[in-house]
K.L.:
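Here's a structure for you.
Letters A, B, ... mirror the listed sequences (proteins, then strands); counts begin at 1.
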Amino acid sequence: MCTVFSVPSAQKRILNKVFRILISHLVTNFEENIFFYQELTTFGFPSLYEESKGKDTKRELNIVAVLNCMNELLVLQRKNLLAQENVETQNLKLGSDMDHLQNCYAKLKEQLETSRREMIGLQERDRQLQCKNRNLHQLLKNEKDEVQKLQNIIASRATQYNHDMKRKEREYNKLKERLHQLVMNKKDKKIAMEVLNYVGRADGKRGSWRTGKTEASFFLRNEDEMYKILLNDYEYRQKQILMENAELKKVLQQMKKEMISLLSPQKQKPRERADDSTGTVISDAEEDAGELSRESMWDLSCETVREQLTNSIRKQWRILKSHVEKLDNQVSKVHLEGFTDEDVISRQDHEQETEKLELEIQQCKEMIKTQQQLLQQQLATACDDDTTSLLRDCYLLEEKERLKEEWSLFKEQKKNFEKERRSFTEAAIRLGLERKAFEEERASWLKQQFLNMTTFDHQNSENMKLFSAFSGSSDRDSLSVHSRPRQKKPHSVSNGTPVCTSKLTKSLPASPSTSDFCQTRSCASEHSSINVLNITPEETKPNQVGREGTNQKWSMASRPGSQEGCYSGCSLTYTNSHVEKDDLP
Amino acid sequence: MNFSEVFKLSNLLCKFSPDGKYLASCVQYRLVVRDVNTLQILQLYTCLDQIQHIEWSADSLFILCAMYKRGLVQVWSLEQPEWHCRIDEGSAGLVASCWSPDGRHILNTTEFHLRITVWSLCTKSVSYIKYPKACQQGITFTRDGRYMALAERRDCKDHVSVFVCSDWQLLRHFDTETQDLAGIEWAPNGCVLAVWDTCLEYKVLLYSLDGRLLSAYCAYEWSLGVKSVAWSPSSQFLAVGSYDGKVRILNHVTWKMITEFGHPATVNNPKIVVYKEAEKNPRLALGRLAFPPPRAAPGPSSTTESKYEIASVPVSLQTLKPVADRANPKIGVGALAFSPDNYFLATKNDSIPNAVWIWDIQKLKLFVVLEQLSPVRAFQWDPQQPRLAICTGGSRVYLWSPAGCVSVQVPGEGDFQVLSLCWHLNGDSLALLSKDHFCLCFLETEERVGTTFGRPGDHT
């Protein structure tokens, strides 16, 4: 029956009507509707007729069954409608999904097409470029050939030209010869020199007659002079070169000395490092230097000395170079580090620094502790009992204060709890009252209903049956019970503890295990109130604790940064992980 | 800076005597010898025809005047004005005449380079040298005057003969590995002879005095080769300018190239100072314009002022596009000159005719670029200090020294177009030659030079 009440009022009315019609119909046209009933039974509904013991007795319509059937049908209908709706919405959703997918598909297809086209285009271009490249290669080859050809042509022309030139020159020479003969052989009186008087030679010498002998001697003298000049020149150049060489040697010597002096302070180190080569080299160099300085050989350009010098210098240079390179590397390293430092302080450094600082802090703390201990010890040893007691008193007082504070806090909490309990009990009482009122209302309503129904013939019997029907199957009971929390819900919500209500719903089904509905109904108000009363102290406490817990969580979550309070613990872990991530290099 | 008055001149024939005391100049068929300091005429000689060439003897006692058209050479003595000498080459003709270093012999090259006649002023003797080669520079004397090298052509082969100048004996005769020898030049120390081939082939050969081939250098093949060659005064470097617009410096130890100076049309290096001549019309006074100009065409350059401005790099220089179908194209390094102290090398690239490039030889780098407004006609180093005089055919003379550079207007009536210039031996004065006039430019003494330079554009 309570199912009827659970439906909204509008539906209730409609149902009412249908109910009446159906009933009237059933009563009047029972015979005709036999198939309908049979069908109903085949669908798994209980038969609408009272099971009669005798065959001849006319089967009577079981109103309760009909009602139940109705109800079930209605529920079914509603379910179906809901399902239908769901299906429709799903259908719609699927349809839109389908559309979307189709669109996507079309788009992708288009994309594929375009990319394919692009690819083809690129391939085409590639091919064209390759073609071009080939052509260019061909052209280059042709050009090279052309160049070769042209060079050959030039060479051939040059040879031809030279040949012609030679021919022409020969002709020209012939002509010249001829002309010379013509011009010179003919005693040209014009070719002459008129001089007032011959002047003396610039060097003041007199010209000497040339004879065969003198000619030869002259020639020899000239040769001698020439060679002298050349010799002088070479000597001059040699002197210059020698000077340059000496300068260079001096520089080399100086460099060597400086190198030795530079390398000697490090001498110990490499030797310690058991670096044999450098050690020997240095000793060599020292020996060389000694020798050289002893004999001052660098003045001589003897090959052996030169070799020695250059070799030693080379060795030292190598050492120096390696050393400088090492230094360079170090410098570059430092530089690099410096650069990174300039940009960002490296995490490692940071960590190291923080570790160091932490260590320092720890040490400081320990130091303070030890100092304190020492101080206390000193006090304990040095001061008399009064002071210690005073101190103890001091400590006790402090503790007392703290305890007091805690006590007050607890008291406050207790007060709060009390308040809450009171409100709970009040709410429970109110609930009980309301329930009572409701029960009464329902009773009156049922009464009314039955009074209305009494218009039918078997009013009394029905009235009886209704009760028995309710007491029948257990699932009907559970059904009715299930509907109960719905009515209860508003009250529990008003209490402001949603978790509590859920607990109640769980706990309640166990309580009305009694088969007698009337009994349950009668004691329902008490029961529930008691239940609630019993529950409240137990349930609210953890609940409240839980709430506090969540509150704590929230505050924790909101602590790292300006995150909103609605962030859950998850966010907290997230931030934690974030922090951890930061630590990674 | 002072300028002398303007004297008449013809054929740009004006020369200081080697001792620096006299100045010889020609006006048509007259030879005028002046005192350098007073510029008073000391001697005046009259030749038989228009003088085409004059040359002082090394001892500054004689001057020869060549009249090629008539095949005549007249020699005048400064000490004995009445002394005269006339050499007639007759029908053989005359194309060149020069003194031997002793100043007592005259070498005349006959027409068609048939022979060289060596006339002695001391004796009646005449010597002939056959087969001289007609080329850019076929005769060269060592600086000490002992030897003469002569390029010869015999049997279609180039030869070089080395003569002893004192008695004209042949000392050495050797053939050179050249296609068509173009020039020879002794190193200042007189021990190495540089020989270069025709422009068709890049080839520079270096011969010792005794005829040994010291080295041969070839920078590239196929294209036009050597255009100009210059020895450094210390004989340490040989600068070779070529048609590719580069100067290559060879050293005297290995005779290999030590560096290459390109002449790009744009100067990008900010360390290089680029002096750009700029012209300005500061005053165009109405009064001046109202009067008719003293000459028919004074030209705008006489009224405008020019001065050097330091151009900020990059500077692009004016380039001349060479005419491809003409012989002797205007490309390549056509002029080279080392400063007397060996520190600088001045060059001119013919395709960038307005610019003179001055290279620092110690650092082997480009030092300064001077860009003139018109093509550079000639430049010459001061024999005493690193100071370069440049003329561009305008009425100005330009001087550069490491301290800076100046542009000096030549004063006087009308336009004095400086076509050529020559320094006096001591570097105190400079002869500026125009087409038919010349004047002397006296430079300040050392103390005042420093103040003058660095103030571009001033003149007295």
K.L.:
May I have the step-by-step check of side chain to side chain donor-acceptor pair (under 3.5 Å) for B:S161 and B:E152, ending in yes or no?
P.N.:
CA-CA 7 Å; B:S161 295; B:E152 293 174 4; 2.6 Å; yes
K.L.:
If you look only at distance, which donor and acceptor atoms sit under 3.5 Å apart when one is on a side chain in residues 136-153 of chain A and the other is two or more places apart or in another chain?
P.N.:
from: A:N152; atom 1: ND2; to: A:Q148; atom 2: O; distance (Å): 3.4

K.L.:
For the atom pair CE (B:M148) and SG (B:C98), what is the distance rounded to the nearest 0.5 Å?
P.N.:
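Result: 8.0 Å between the selected atoms.
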K.L.:
With a 4.5 angstrom heavy-atom cut-off, is it the side chain or the backbone of A:Y172 that approaches chain B, or both, or neither?
P.N.:
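Just the side chain, heavy atoms under 4.5 Å.
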K.L.:
Among A:R167, A:K166, A:K168, find the one that has a side chain to side chain contact (heavy atoms under 4.5 Å, CB included) with B:C156.
P.N.:
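Passing option: A:K166.
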K.L.:
Please find out if less than 6.0 Å separates the ring center of B:F141 from that of B:Y147.
P.N.:
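No, too far apart.
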K.L.:
Between the side chains of B:N108 and B:S97, does any donor sit under 3.5 Å from an acceptor?
P.N.:
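Judged by distance alone, the side chains do pair up.
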K.L.:
Could you look at B:Q74 and say if it's the side chain, the backbone, both or neither that has a heavy atom under 4.5 Å from chain A?
P.N.:
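When you check distances to chain A, no heavy atom of B:Q74 falls under 4.5 Å.
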K.L.:
Which of residues 224-233 of chain A have a heavy atom under 4.5 Å from any heavy atom of chain B?
P.N.:
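A:E225, A:M226, A:Y227, A:I229, A:L230, A:D233, listed by number.
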K.L.:
Would you call B:D155 and B:K157 a salt bridge, using N to O less than 4.0 angstrom?
P.N.:
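Looking at B:D155 and B:K157, the cut-off is not met.
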K.L.:
Checking heavy atoms, do the side chain of B:H105, its backbone, both or neither come under 4.5 Å from chain A?
P.N.:
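Contact with chain A involves no heavy atom of B:H105 at all.
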K.L.:
Which one wins on heavy-atom pair count under 4.5 Å against chain A: B:Y131, B:W119, B:Y128?
P.N.:
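Greatest number of close heavy-atom pairs with chain A: B:W119.
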K.L.:
Out of B:R154, B:K130, B:R86, B:H113, which one racks up the most heavy-atom pairs below 4.5 Å with chain A?
P.N.:
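Heavy-atom pair counts peak at B:R86.
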K.L.:
For each of A:I241, A:V195, A:N222, tally heavy-atom pairs with chain B at distances under 4.5 Å, and name the one with the top tally.
P.N.:
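Answer, by heavy-atom pair count under 4.5 Å with chain B: A:N222.
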K.L.:
Applying the ring pair (Phe, Tyr, Trp, His ring centres under 6.0 Å) criterion to B:F62, which one of B:W83, B:Y45, B:W56 satisfies it?
P.N.:
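Checked B:W83, B:Y45, B:W56 against B:F62; only one passes ring pair (Phe, Tyr, Trp, His ring centres under 6.0 Å): B:W83.
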K.L.:
For B:V253, is it the side chain, the backbone, both or neither that has a heavy atom under 4.5 Å from a heavy atom of chain A?
P.N.:
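Just the backbone, heavy atoms under 4.5 Å.
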K.L.:
So which of A:R170, A:E223, A:E194, A:M165 has the largest heavy-atom pair count under 4.5 angstrom toward chain B?
P.N.:
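The option with the most such pairs is A:E194.
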K.L.:
Under a 4.5 Å heavy-atom cut-off, does chain A meet the side chain of B:S235, its backbone, both or neither?
P.N.:
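The answer is neither part of B:S235.
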K.L.:
Side chain, backbone, both or neither: which part of B:D210 has a non-hydrogen atom closer than 4.5 Å to chain A?
P.N.:
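It is both, since atoms from each part get that close.
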K.L.:
Could you go step by step and tell me if B:Q179 and A:N162 meet the side chain to side chain donor-acceptor pair (under 3.5 Å) rule?
P.N.:
CA-CA 9 Å; B:Q179 281 282 319; A:N162 283 339; 3.1 Å; yes
K.L.:
For each of B:H252, B:E82, B:R172, tally heavy-atom pairs with chain A at distances under 4.5 Å, and name the one with the top tally.
P.N.:
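Option with the greatest count: B:R172.
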K.L.:
Between the side chain of B:S232 and the main-chain N/O of B:F237, is any donor-acceptor distance below 3.5 Å?
P.N.:
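Judged by distance alone, yes, a pair lies under 3.5 Å.
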K.L.:
Given that the side chain runs from C-beta out, which part of B:L200 has a heavy atom under 4.5 Å from chain A: side chain, backbone, both or neither?
P.N.:
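Answer is side chain: those atoms of B:L200 sit under 4.5 Å from chain A.
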K.L.:
When you compare the side chains of B:D158 and B:T178, does any donor N or O come within less than 3.5 Å of an acceptor on the partner?
P.N.:
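Yes, side-chain donor-acceptor contact under 3.5 Å.
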K.L.:
Should we count CD of A:Q238 as having more than 12 external heavy atoms under 6.0 Å?
P.N.:
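No - once you tally the heavy atoms of other residues, nucleotides and ligands closer than 6.0 Å, there are 12 at most.
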K.L.:
Taking side chain as everything from C-beta outward and backbone as N, CA, C, O, which of these in B:R153 sits under 4.5 Å from a heavy atom of chain A? Side chain, backbone, both or neither.
P.N.:
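Answer is side chain: those atoms of B:R153 sit under 4.5 Å from chain A.
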